[in-house]
2 protein chains.
Amino acid sequence: MASLSQSRQPSSPRQAARRKAAVDGLLDPELFKALGDPTRVLLLRCLLKCKRACSVSEVAECCDVDFSVVARHLSLLARSGVLEARKVGRTVWYTPRCEDLASTFRSLADAIDDCSPTPIDCCGSDCCKEE
Amino acid sequence: MASLSQSRQPSSPRQAARRKAAVDGLLDPELFKALGDPTRVLLLRCLLKCKRACSVSEVAECCDVDFSVVARHLSLLARSGVLEARKVGRTVWYTPRCEDLASTFRSLADAIDDCSPTPIDCCGSDCCKEE
DNA sequence: GGGATAGTGACGCCATGATGCAAATATATC
DNA sequence: GATATATTTGCATCATGGCGTCACTATCCC
């Protein structure tokens with residue numbers, strides 16, 4: 001809970017990389033990779049706007065790719081924590097994990113803000129001087 | 001500015017996909033793709049924690065990959081709007097666009113919240129019943 | 001101008017991943 | 001048990017993307 005973020009003055013990036021910060025845990029390439037594919041984003045948007053759990057077959061009607069591809073994408077999104085999967089009988093119902101996602105992105109925004117240099121003394125070297 | 005998000009009851013995902021919502025613009029696979037690579041995220045964390053503009057050479061000392069690879073990654077991050085690039089003389093100074101990034105992620109969080117179904121009547125079909 | 005420094009661009013190699021098809025599995029229904 | 005439905009998995013193909021090497025350009029300093 002303690003805010004370690006107001007750390008010291010600008011250092012070399014190599015030194016800075018060694019310091020711990022909130023962004024370390026929140027900037028997760030795996031999550032972004034999951035959201036980095038156009039088809040997957042299309043499916044996610046579809047699920048988000050539908051506002052209810054949807055089966056693989058239903059979601060597959062939202063785009064042109066093969067059914068098996070949709071099934072794989074949804075499964076991957078679930079493994080990445082983006083969707084929740086609930087199997088009932090022979091059908092799987094997928095729901096976006098809205099609360100978790102929103103909270104993750106908000107925490108990330110906060111962590112990034114913590115990294116923002118203050119306009120004053122933002123840079124000890126000459127790299128910040130106006131041209 | 002008008003909030004169209006409180007739209008109607010759950011529909012088929014195919015119908016839902018046709019409706020416009022804030023997530024349509026904010027869930028951008030290109031941004032996520034840029035943030036979906038471990039090396040790029042490492043470089044970005046490095047820049048974020050350094051809290052000042054850094055040159056390509058400086059950032060390149062933060063990881064093991066070849067200098068040219070770092071240069072390409074930084075250039076890509078700049079093209080994706082994650083970094084700002086400022087060329088002074090023969091060196092390029094990169095800075096994270098903290099405000100834009102934080103604001104993007106916050107808007108995204110809001111848009112996702114808008115998609116969250118109300119706990120009541122979240123689903124007209126039997127897909128939401130407890131097991 | 002000549003040489004050093006900072007970064008970009010053009011290759012080729014290789015791993016990953018997205019896709020479609022078809023077979024396999026799991027579950028309901030008859 | 002046979003059959004239909006819902007999804008998963010194996011396989012082959014193909015495109016994308018990350019990486020390193022090297023040549024090239026731009027800029028600075030002598």
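The figures here come from the full heavy-atom set of this structure, side chains too, leaving out hydrogens, waters and symmetry mates. Letters A, B, ... are given to chains in the order of the sequence lines, protein chains preceding strands, and every chain is numbered from 1.
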Open item on the list: Tell me whether A/R106 contacts the main-chain N or O of B/F105 through its side chain, where contact means a donor paired with an acceptor under 3.5 Å.
Closed with: no

Open item on the list: Given 3.5 Å as the limit, does a donor-acceptor pair link the side chain of A/K49 with the main chain of B/R19, or not?
Closed with: yes

[atom1] of [X] versus [atom2] of [N]: gap in Å, rounded?
{"X": "A/E58", "N": "D/dT7", "atom1": "CD", "atom2": "C1'", "value": "14 Å"}
{"X": "A/L83", "N": "D/dT7", "atom1": "CG", "atom2": "P", "value": "14 Å"}
{"X": "A/K87", "N": "C/dA28", "atom1": "NZ", "atom2": "P", "value": "9 Å"}
{"X": "B/K33", "N": "C/dG17", "atom1": "NZ", "atom2": "C1'", "value": "11 Å"}
{"X": "A/W93", "N": "C/dT27", "atom1": "CH2", "atom2": "P", "value": "16 Å"}
{"X": "B/Y94", "N": "C/dA6", "atom1": "OH", "atom2": "P", "value": "15 Å"}
{"X": "B/E30", "N": "D/dG17", "atom1": "CD", "atom2": "C1'", "value": "13 Å"}

Task: Carboxylate-amine/guanidinium contact B/R52 B/E58, below 4.0 Å - done: yes

Task: Residue pair B/V70 / B/C63, side-chain heavy-atom distance below 4.5 Å - done: yes

TODO: Return yes if the base of D/dT5 and the side-chain atoms of A/R90 contain a donor-acceptor N/O pair under 3.5 Å, otherwise no.
DONE: yes

Task: Test item: side-chain donor near acceptor, A/T95 and A/W93, under 3.5 Å - done: no

Side chain of [X] only, please: which of [options] is the nearest?
{"X": "B/V65", "options": "D/dG20, C/dT8, C/dT27", "value": "D/dG20"}
{"X": "B/R40", "options": "C/dA18, D/dG18, D/dA6", "value": "D/dG18"}
{"X": "A/D37", "options": "C/dT8, C/dT27, C/dT19", "value": "C/dT19"}

- [ ] Could you identify which residues of residues 66-81 of chain B place a heavy atom less than 4.0 Å from some atom of DNA chain D, listed by residue number, or say none?
- [x] B/D66, B/S68, B/V69, B/R72, B/H73

